[in-house]
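Report on one structure; see the data block that follows.
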Amino acid sequence: MSAAVSVSALRPLPLLIGALLASTAQAAAPAREDARTLDRLEVRERAPGAYAPLPLEAARLRIEERAGGVGIVDGEAYRSGRVSTLTDALGLAPGVFVQSRFGAEEARVSIRGSGLQRTFHGRGLRVLQDGVPINLADGGFDMQSLEPLAARYIEVYRGANALEYGAATLGGAINFVSPTGHDLGATQARLELGSFGYQRSQASLGAAGARLDGVMSLSGFVQDGFRDNAEQETYRAFGNLGWRASDALESRLYLAHVHTRSALPGSLTFAQFAADPAQANPGSIALDQRRDFELSRLSGVLAWQPSDSQRLQFSAFYSDKQLDHPIFQALLQDSRDRGVDLRWRMEGRLAGQPNVLVAGLGYSRGDTRDDRFQNLGGRRGNRTGQSDQLAENRELFIENQWQFAERFTLATGVQALRASRDFSDLFRAGGVNRSFLTRYSGSSPKLGLRFAATERTTLFGNLSDSREPPSFGELAGGPGITQVDQQRGRTLELGLRHRSETLQIDAAAYRARLRDELLALNDAAGNPLGTINAERTLHQGLEFGLAWQFVEALRFDASYLYNDFRFQNDAVYGDNDLAGVPPQLLRAQLRWAPSARFSLTPGIEWSPQRSFIDHANTLAAPGYTVFHLRAGLELGASWQLFADLRNVTDRSFVASTGVVADARGRDGAYLLPGDGRGLFIGLQWRPRD
């Protein structure tokens, strides 16, 4: 599909995709229903298999064996309303800060302050699909490459609790687990329509036989956006194909293709925000600022399980991405990323007590050709830069969980990392060669303890190190080249989990002391100035999640974050707060379901304190309170209808901000307004047992 095709011309496609695939799926329902019932009976009776994503409850039990903050988001929970951004999917996940940039798929996604200044192209988290990383080799990731509607559930590993996947970043990992052809929810069709020209559709079809199964998901999304110059369109195809050669050998192939175009409305000044929060920054319109890319990805997993207690898994991926990104300059990138991972899991006994050992190694490499030009009103002017960028990573990790007493489990582990960032300057402006080769290495140990206080309540604590090499966004993302060290940290975490039929609690307190934190700075116009290493910073806070079914018809869900991120005795900023994330954020909802067919769910998003825009703490965005209301209706056995009213009172609020070094208390273009009041209607079809 040509990038020159207009948004308006493509706008009917989500409706057509949804209508076509819904009718196809419905026509196939009678024959499919019988086949699916037989498949489910077979799955229940057969051996687990060498590689098969666990059912939700089994996955929850396994992930909660960890001595730290973890959680699972059931895909069914967020499908009850609009699913447009990662905020819709992860907004109630304990410990996850996620805030859409301007009602867009791009967002600030952070755990424990990881990559807290990024409102686009995330950093500081390892993002995976079925255990295979989707990050580029330099650590960055794109929100548009994720489709929450194509996930069965989402696993969240906070901090060092992601070591099982080789991750040793401050934030941890988020794993999107896909349905297979054996899942009843694999076949579905969905259509969403709403305010601001919003149209979204998704349809998937799953099938399974004795040895072979597969799922294909197609989705389309377009919107004009609440703000001017905020048009977006994204089309995604996701598929997976599994082959079970025997009870001991299984493989699965994953395919993905993403085509996305996003106009950028830019940030507003306080004066512009007060006059009209829906307007775009005039400079963004004049430069026709956009972020468009096309991504194709192929990955695969081969698993061998010689016994119920041992499994060896090999995975590999390859991705191809073309980015067209006119901002303050016209940026073109052509990237090729690939990687392999080998992981061994063994369950046995140590000194007569249960023991689980996971060990692995991984390699990833990314090659990028980066071309830069003057941005002349959306047209490319004279060349300003050209480079080849090579990122390589080698990881070795091992983690052991030993239940040395009836109620106590000791967790130990370490990750060893060697990474390099090789920048070859092909343009050499003014005859100056800015090429560099930087290497990073080190190890990140972990020690944790889990105590089963009761059958339903678990206490945990851990002490861990983290390590994060910079991405090329930090090294060469601005107008110049910056030489920065890797970010390192040590985190202490204490918490508890409680699970019963009516009450679920997830609570953790953490304190992380960082060295050389990567802080990317912009000027007042939003243009990158480069990245620095802050010598010493402190990240500490509380993560709290609650699900309480206090009477049969009422359920209360909440996620609360307290963030205290600050410099420590910095030569410039003293003990100032780090800019970028509000000190507190609460998302909560109360679901009233007087019958199995109808529900009404009011919700609230509350950020009571101002959020600093600059590290000098001279300028801050105000807090806000926004209310939502959602209604759901079952239409027969297979149809669900919902109405989702966002920002009920039409409150003008600042959802996110840019980050600068020192605003000097003066108004500037820093604010990213949240969406005004919007109504969204959705219809979903899914066959039942």
Side-chain angles (χ1 to χ4, degrees), residues 1-7 9-10 13 101 104-106 118 120-123 127 129 132-147 218-222 231-239 254-264 287-299 316-339 364-376 378-381 383-392 421-427 471-473 475-477 528:
M1 183 179 297
S2 171
V5 177
S6 68
V7 172
L10 290 167
L13 284 183
R101 196 176 180 189
E105 292 181 301
E106 287 188 344
R118 289 290 190 96
F120 62 96
H121 194 58
R123 180 182 62 77
V127 183
Q129 179 188 15
V132 181
I134 68 168
N135 298 70
L136 304 180
D138 72 349
F141 63 90
D142 295 295
M143 292 77 174
Q144 294 94 332
S145 63
L146 302 167
E147 175 55 273
L218 300 177
S219 62
F221 159 60
V222 296
E231 297 86 2
Q232 299 171 70
E233 55 171 323
T234 301
Y235 303 95
R236 302 184 184 95
F238 286 88
Y254 297 90
L255 299 169
H257 183 76
V258 179
H259 173 92
T260 179
R261 303 187 69 216
S262 300
L264 303 178
L287 293 175
D288 191 23
Q289 294 191 356
R290 311 186 56 84
R291 192 169 193 272
D292 307 334
F293 72 83
E294 193 153 350
L295 171 71
S296 298
R297 177 181 170 83
L298 173 68
S299 61
F317 73 88
Y318 176 83
S319 67
D320 184 317
K321 174 186 170 185
Q322 290 83 42
L323 172 70
D324 185 357
H325 191 18
I327 40 175
F328 66 95
Q329 60 184 342
L331 175 63
L332 297 177
Q333 288 186 342
D334 190 354
S335 305
R336 306 285 188 277
D337 288 82
R338 74 281 288 174
S364 59
R365 171 181 173 132
D367 296 272
T368 300
R369 169 60 61 91
D370 182 291
D371 291 288
R372 304 184 180 198
F373 305 86
Q374 292 177 327
N375 183 356
L376 304 178
R379 296 179 293 105
R380 297 170 199 159
R383 181 182 293 275
T384 59
Q386 185 179 51
S387 63
D388 282 336
Q389 302 172 6
L390 169 62
E392 284 190 290
R421 305 290 183 261
D422 188 353
F423 181 90
S424 298
D425 186 0
L426 306 179
F427 184 59
S471 69
F472 279 109
L475 296 169

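- Side-chain contact between Q389 and R421 is absent, with no heavy atoms from C-beta onward closer than 4.5 Å.
- Q333 and S335 share no side-chain donor-acceptor pair at under 3.5 Å.
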Query raised in the report: What do the steps show when you test F293 against T260 for side-chain contact (heavy atoms from CB on, under 4.5 Å), and what is the final call?
Result: CA-CA 6 Å; F293 72 83; T260 179; 3.5 Å; yes
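- With rounding to the nearest 0.5 Å, the separation of CG in D334 from CG in D388 is 10.5 Å.
- The heavy-atom pair separating F141 from R123 by the smallest distance is CE2-N, 3.6 Å.
- Contact check for D370 versus L331: side-chain heavy atoms found under the 4.5 Å cut-off.
- Side chains of R336 and R365 form no contact here, defined as non-hydrogen atoms less than 4.5 Å apart.
- Rounded to the nearest 0.5 Å, atoms OG (S262) and CZ (R291) are 8.5 Å apart.
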Requested in this report: Determine, step by step, whether E392 and D422 satisfy the side-chain contact (heavy atoms from CB on, under 4.5 Å) criterion, reporting the C-alpha distance in whole Å, the side-chain angles of both residues, the deciding distance to 0.1 Å, and the verdict.
Outcome: CA-CA 9 Å; E392 284 190 290; D422 188 353; over 6 Å; no
Query raised in the report: Could you walk me through whether Q144 and T234 pass the side-chain hydrogen bond (donor to acceptor under 3.5 Å, both in side chains) check?
Result: CA-CA 8 Å; Q144 294 94 332; T234 301; over 6 Å; no
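- Within 6.0 Å of atom CZ in R383, more than 12 heavy atoms from other residues, nucleotides or ligands are found, so the atom counts as buried in its surroundings.
- Side-chain contact, H121 with E106: no donor N or O sits under 3.5 Å from an acceptor N or O.
- You'll find the side chain of R338 reaches within 4.5 Å of the side chain of D367, heavy atoms only.
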Query raised in the report: E105 and F221: side-chain contact (heavy atoms from CB on, under 4.5 Å), yes or no, with the steps?
Result: CA-CA 10 Å; E105 292 181 301; F221 159 60; 3.9 Å; yes
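- Atom CG of residue D288 and atom CD1 of residue I327 lie 12.5 Å apart, to the nearest 0.5 angstrom.
- Counting only heavy atoms from C-beta outward, the side chains of L295 and S319 approach each other to under 4.5 Å.
- Within the 4.5 Å cutoff, side-chain heavy atoms of F238 are placed close to those of Q129.
- Contact annotation: the side chain of R380 approaches that of L332 to within less than 4.5 Å [non-hydrogen atoms, C-beta and beyond].
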Report task. Verify side-chain contact (heavy atoms from CB on, under 4.5 Å) between D292 and Q322, making sure each step is shown before the conclusion. Result -> CA-CA 8 Å; D292 307 334; Q322 290 83 42; over 6 Å; no
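- Considering only heavy atoms from C-beta on, D142 comes within 4.5 Å of K321 through its side chain.
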